[in-house]
Amino acid sequence: MSDEVRRSMPLFSMGIVQSLTALTPRQIRYYEQNGLVTPARSKGNQRLFSFNDVDRLLEIKSLVEKGVNLAGIRQVFDLKQETPRPDYKPGEVQEVYHQLSEKELRKMLRKEIENDAGKGNFGLRQGELSRFFH
DNA sequence: TTTCTGACA
DNA sequence: TGTCAGGA
C-alpha cells in the first residue's frame, strides 16, 4: 500500500491524538472548526484522525507556540497548498477501524518516525512523537 | 467509558 | 481556552 494511503487512514481517536499532540480536546475541536484539520468520522460521529491529521496538528501547535494566530496559520497552509481534504470513504472506515492498543500505536509511530528520517521530512514529529518511546 | 455539540457564572 | 450540561 502506498504511503499516501497509509498516512491518510483514519485510525486515531480523540484520546490518542490528545496524548500524541499534547493538545486539549477543546483546542483540537476548535482548530477543526476553523478548517485547519478535517478528521474523518465514525458512524457514531466520533472523530478519526490519520497521520496526516496528527502532522497538521503538531504543526499548528508549533505555530501557535510561536505566537501565530489561526488566521496566520491558515495562511501558512495556503502557501504550502496543504488544503485539508477529506481523504477517506465513510464506508471503508468501519472495516479498518478498531481500538488501537498501546503496542500497535507505538509500532505505527516507530514506523512513521523511520519513514520521516528516511525521507528527510520536517523533523517536527520526530521530536514530538519520540515522547512515547521513553 | 469516551467523545460529541453547544454555550457561558 | 476551560468547563459544564445532556446525549449518543
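Model, not experiment: these values are computed from the prediction. Naming: A, B, ... by sequence-line order, numbering from 1 per chain.
Between R26(A) and Q18(A), the residue whose closest nucleotide on DNA chain B is further toward the 5' end is Q18(A).
When rounded to the nearest whole Å, the span between CZ of F49(A) and P of dT3(B) equals 10 Å. Distance CE (M14(A)) to C1' (dT1(B)): 15 Å, rounded to an integer number of Å. In this entry the distance linking CG of L48(A) with P of dC4(B) reads 9 Å, nearest Å. The CD1 atom of I16(A) sits 12 Å away from the C1' atom of dT2(B) (whole-angstrom rounding). I60(A) has its CD1 atom 16 Å from the C1' atom of dT1(C), to the nearest Å. Rounded to whole angstrom, the span from the NZ atom of K61(A) across to the P atom of dT1(C) amounts to 12 Å. In this structure, CG of L70(A) is placed 12 Å from C1' of dT1(C), rounded to the nearest angstrom. The nearest whole Å value for the distance from the CD1 atom in I28(A) to the C1' atom in dG2(C) is 15 Å.
Consecutive pairing runs in DNA chain C reach the stem threshold at B:4-8 with C:2-6, where a stem means at least three Watson-Crick or G-U wobble pairs with distances under 3.5 Å.
Put simply, Q46(A) has no side-chain N or O that comes within less than 4.0 Å of OP1 or OP2 on dT3(B). Regarding contacts with the backbone of dT1(C), a side-chain N or O of Y31(A) is found under 4.0 angstrom from either OP1 or OP2. Contact check, S13(A) against dT2(B): no side-chain N or O comes under 4.0 Å of OP1 or OP2. Contact annotation: R47(A) does not reach the phosphate of dT3(B) (side-chain N/O to OP1 or OP2, under 4.0 Å).
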Determine, stepwise, if the pair E32(A) / R41(A) fulfils salt bridge (charged side-chain N to carboxylate O under 4.0 Å, His left out).
-> CA-CA 12 Å; E32(A) 180 185 16; R41(A) 294 285 182 148; 3.4 Å; yes
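Between R47(A) and D53(A) there is no salt bridge, since none of the side-chain N atoms of the basic residue sits less than 4.0 Å from a carboxylate O of the acidic one.
Taking every heavy atom of both residues into account, A22(A) and K61(A) meet most closely at CB-NZ, 3.8 Å. Between L23(A) and Q18(A), the shortest heavy-atom distance links the atoms O-CG, 3.3 Å.
Note: S13(A) OG to F49(A) CZ = 8.5 Å, rounded to the nearest 0.5 Å.
At the heavy-atom level, R29(A) lies under 4.0 Å from base atoms of the strands shown.
Side-chain atoms of R74(A) never come within 3.5 Å of backbone atoms of N69(A) as a donor-acceptor pair (strictly under, hydrogens ignored). Judged by distance alone, with hydrogens and angles left aside, the side-chain atoms of S62(A) form no donor-acceptor pair with the main-chain N or O of L58(A) at under 3.5 Å.
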